[in-house]
Amino acid sequence: MSTPAPWGPDPAGPPVAAPSTTVLPEGGSSSLADGEWHRMHPLTPLFKGGLVLIIVAGVVISNMRERLISWFVSLFAPDEAKYMDYGGDPVDWVLDNNLILVVLLGVLALAVVLVVVFWMVWRFHQFRITGDHVEVRKGIVFRSHRRAPLDRVQGVNLTRPFPARVIGLAKLEVVGAGNDANVELEYLATPRAESIRADILRLASGARAAREHDRAGAAAPAGVTAQLVGSMNAGVNGLIQGVDLADVAPESVVKIPTGRLVGAHLVHSLLWLVFFGAIIAASMTGILIGAVRDGEPEVGLIGLGAGFAIGIPMVLAFVAVTWSQISKSLRYSIAPTPDGVRITYGLLTTVTETLPPGRIFAVEVTQSLLWRPFGWWAIKINRMSGKSAAQQQSGNAQQFNIVLPVGKRADVERVLALILPDAPQSDIPLVWEHGILGPVEGDPYKTIPARAWWHRPLSWRRHGYAVTEFGVLLRRGVFWRKLAVFPLARLQGVSVSQGPLDRLQGVSGGQVHSVTGPISGTLSGLERDDAIALLDGVSRAAAAAAARDHSHRWGSHLDPSTESGTADAGGAAHAGPSVAGPYDAPAGGYAPMPPSAPPPP
């Protein structure tokens, strides 16, 4: 069963044709992708540090108001009485000396300076979208100019931090292929950001014809006042209704029940809390027993107090970390769009990622021992993040590698159908029965021989690999089951290694290389012949798959008839590329579970 087309007809009524847009000279379909320079939202300087500056200034003024008032008065009215001779409140002193006008003028001058500085920052912060690049330039004294080639775009992320989200602003991040290669457009009104995202993805796809988009944000930029009013209205509506679900078919959206999400995080967090709590309790018990035996109860009380001093902050940290993890994943949804898979998550600060075809280098399905009774699974991916090595270690950056925080088997199958649309249906037994749940009778995986069990004492029967025409499948772990899929078309390399002990036993290690991410391609203890077969077979298959792959420029290889809308055999019109879109499951692809019967939490 293929994923429902997000731009398909409404099954409850006749199809409604979406209004087409005009292709502009540089290839864009909105007034913001015309190759000209445009400015960010007028409130951008305020949310890019101006708000913090105002708060800091308020704290400084509150704590140093005596000196500031004395300085202002001595500057503008040196003949007046000095504040240092007055022992009361500085505000009363200002009123008693009729100097309120002087102070108000000083406050007004400070406000004017801030407004001018913010205006200058906004004036020099510009972006443009051409047929080849996304560019951003900013700075007054120290200028910077960043450029992201469209043919190297790995994804487009739309982030709505809570304060900016309230008034309808969003940050657009174009993910590049290099180290620290991302280009950020912050901040934009949400409808304009969504329109720009659609243009960037369409231009990156290689499609030269304008797609049909029914977006209010495609209109010409309004004035400053209209932008402020419109963005605030959109922000309030987004808080109530959710975001980025208006242009996808409801039945194609995979969501996580809140109870399941909270329970999955609590299971892992409670385990760590019990573990550290047991250590602290054992330590306190030992101290108390020793104090009683030695006849020194005061030592026992000190140890008891120290235990509480450690335990209470630990519990508070546990609550804070758990809530942070839960809030990041709440309101999770993943859905197909014409330009890739769209993943949305977050309660207060929402993040929307769009992963175009050909940008996922590895996929891994995992299940911990604690999740096994509930039948829960998680899915991670390797992708180019465009961030520096230090930034990739942060929790927010690692969140981008999770495409399914927790889900039942039906959810996993539907998500795999979205992110691996080219995988043949014949690979399903290798993924589930033999891969995730195996080994079972007739296991086709190449595993560790019995003589080399010491490489993986507990999981040597599962640890191994299988190669198909689509990718390399790595199966590992007993307590923490893992099944990784490396598409051959995006494989970075394969290597074989053999140490002195391996040489004595006739076994070898291997590694499937991918981009940096949470998924490792390391194997150990394989039969020497199996390791050589992995090296030779995968090398040839990967070269052939890469030659056939066109997903990196997916739009340039679509049927032109599907680009502007076609009619199916029943005469129903379909708008846009959803008829043969890159994220509609093909006839031989992984078949997702029927959406009409969602799994229980």
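Sequential numbering from 1 along the given sequence is applied to the chain's residues.
Interatomic distance, OH of Y345 versus CG of L261, reported as 13.0 Å (0.5 Å rounding). Summarising the geometry, atom OG1 belonging to T350 is positioned 12.5 Å from atom CG belonging to L330; distances are rounded to the nearest 0.5 Å. One distance of note links CH2 of W480 with CG of L370; it measures 8.0 Å at 0.5 Å rounding. Annotation: the span from L203 atom CG to T130 atom OG1 amounts to 8.0 Å, rounded to 0.5 Å. Atom OG of residue S205 and atom CG of residue D151 lie 12.0 Å apart, to the nearest 0.5 angstrom. The OG atom of S514 lies 8.5 Å from the CE atom of M384; values are rounded to the nearest 0.5 Å.
For the pair L185 and V134, the tightest heavy-atom approach, listed with the atom from each and the gap, is CD1-CG1, 4.1 Å. Listed here is the closest heavy atom pair of F486 and S520: CZ-O, 3.9 Å. Nearest heavy-atom pair, L158 versus A193, reported as atom, atom and distance to 0.1 Å: CD1-CB, 3.5 Å. Shortest non-hydrogen contact noted between P357 and G340 is CD-CA, 4.3 Å. Here the closest heavy-atom approach between residue R260 and residue G407 is recorded as NH1-CA, 3.5 Å. Of all non-hydrogen atoms in V515 and N382, the two that sit nearest each other are O-ND2, 3.3 Å.
A heavy-atom distance below 4.5 Å is not found between the side chains of V315 and I312. Side-chain contact between L188 and H41 is absent, with no heavy atoms from C-beta onward closer than 4.5 Å. Annotation: side chain of V341 is not in contact with side chain of P336 (no heavy-atom distance under 4.5 Å). Residues F124 and R137 are not in side-chain contact: their nearest non-hydrogen atoms beyond the backbone lie 4.5 Å or more apart. Under the 4.5 Å side-chain criterion, counting only non-hydrogen atoms from C-beta, R481 is in contact with R372. Between V254 and S333, the closest side-chain pair of non-hydrogen atoms is not below 4.5 Å. Considering only heavy atoms from C-beta on, R383 comes within 4.5 Å of E353 through its side chain. Considering only heavy atoms from C-beta on, V351 stays 4.5 Å or farther from I343 through its side chain.
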* To do: May I have the step-by-step check of salt bridge (Lys or Arg N to Asp or Glu O under 4.0 Å) for K138 and E184, ending in yes or no?
  => CA-CA 11 Å; K138 59 183 178 180; E184 296 181 347; over 6 Å; no
* Begin from the C-alpha positions of R197 and T352 and carry the test side-chain contact (heavy atoms from CB on, under 4.5 Å) through to its verdict. => CA-CA 11 Å; R197 176 182 62 186; T352 300; 3.3 Å; yes
* To do: Dump the intermediate steps for side-chain contact (heavy atoms from CB on, under 4.5 Å) on L355 and I419, then the final yes or no.
  => CA-CA 9 Å; L355 297 177; I419 61 179; 5.6 Å; no
* Evaluate ring pair (Phe, Tyr, Trp, His ring centres under 6.0 Å) for H145 paired with W37, printing each intermediate quantity in order. => CA-CA 13 Å; H145 191 145; W37 289 101; 5.8 Å; yes
* **side-chain contact (heavy atoms from CB on, under 4.5 Å) assessment of V153 paired with V175** => CA-CA 6 Å; V153 170; V175 181; 5.9 Å; no
* To do: Determine, step by step, whether I256 and V406 satisfy the side-chain contact (heavy atoms from CB on, under 4.5 Å) criterion, reporting the C-alpha distance in whole Å, the side-chain angles of both residues, the deciding distance to 0.1 Å, and the verdict.
  => CA-CA 7 Å; I256 302 177; V406 56; 3.9 Å; yes
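Counting only distance, with no hydrogens or angles, the side chain of T349 and the backbone of F162 share a donor-acceptor pair below 3.5 Å. Panel note: side chain R143, backbone G139; a donor-acceptor pair is recorded below 3.5 Å. Q367 places a side-chain N or O within donor-acceptor distance of the main-chain N or O of W376, the cut-off being under 3.5 Å. Proximity of a side-chain donor or acceptor of T322 to a complementary backbone N or O of F318 within less than 3.5 Å is detected. Looking at S327, its side chain does come within 3.5 Å of a backbone N or O of W323 through a donor-acceptor pair. Checked by atom type and distance alone, the side chain of H133 never pairs as donor or acceptor with a backbone atom of E135 at under 3.5 Å. Without hydrogens or angle criteria, R165 side chain to L348 main chain gives a donor-acceptor distance under 3.5 Å.
With respect to the salt-bridge test (charged N to carboxylate O, under 4.0 angstrom), the residues K408 and E413 do not qualify. Look at R342 and E194 and you find no salt bridge, because none of the NZ, NE, NH1 or NH2 atoms lies under 4.0 Å from a carboxylate O. One finds a salt bridge joining R476 and E364 here, because a Lys/Arg side-chain nitrogen approaches an Asp/Glu carboxylate oxygen to under 4.0 Å. Look at D132 and R152 and you find no salt bridge, because none of the NZ, NE, NH1 or NH2 atoms lies under 4.0 Å from a carboxylate O.
For the pair R409 and W377, the cation-pi criterion (under 6.0 Å, within 45° of the ring axis) is not fulfilled.
In this structure, a donor-acceptor pair under 3.5 Å is absent between the side chains of Q126 and H38.
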